[in-house]
Amino acid sequence: MRARDSRQSSPRPLSVSIDQSCSPGLVRLAYSVPEVAKLIGISKSKIWELIRSGELSSVKICGRRVVRHSDLLALLAGNRQ
């Protein structure tokens, strides 16, 4: 029998990447709140705060809140509406 590894396995971190494998040259149109948080390196609660304050625009589609790619770029460029 094999001895069990005494190291504890930690949960895998959320991995977010822009998947362009099916359509090279195309960028995703929208991201979920957790994806936006991971992409720009701030907490999900801060993303929700930015949405509530109107600094970051979002849309609700089929009960799911998403941030459009263009709105994310506008926030990062400092072009707040």
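- Considering only heavy atoms from C-beta on, Glu49 comes within 4.5 Å of Arg52 through its side chain.
- Closest approach of Arg28 to His69, counting heavy atoms only: O-CB, 3.4 Å.
- Both Ile42 and Leu75 belong to a common hydrophobic cluster when Ile, Leu, Val, Met, Phe, Trp and Tyr are linked at side-chain heavy-atom distances under 4.5 angstrom.
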Tabulate below the donor-acceptor pairs under 3.5 Å that side-chain atoms of residues 59-68 make, not counting sequence neighbours, or state none.
{"unit_1": "Arg65", "atom_1": "NH1", "unit_2": "Ser58", "atom_2": "OG", "d": "3.3"}
{"unit_1": "Arg68", "atom_1": "NE", "unit_2": "Asp71", "atom_2": "OD2", "d": "2.7"}
{"unit_1": "Arg68", "atom_1": "NH2", "unit_2": "Asp71", "atom_2": "OD2", "d": "2.8"}

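- Judged as a side chain to side chain donor-acceptor pair (under 3.5 Å), and not counting sequence neighbours, Lys44 has no contacts.
- Every side-chain contact (heavy atoms from CB on, under 4.5 Å) that Ser45 has, sequence neighbours left out, goes to Ser43.
- By the side chain to side chain donor-acceptor pair (under 3.5 Å) test, Ser70 pairs with no residue at all, sequence neighbours left out.
- With sequence neighbours left out, the side-chain contact (heavy atoms from CB on, under 4.5 Å) criterion links Leu76 to Ile40, Leu72.
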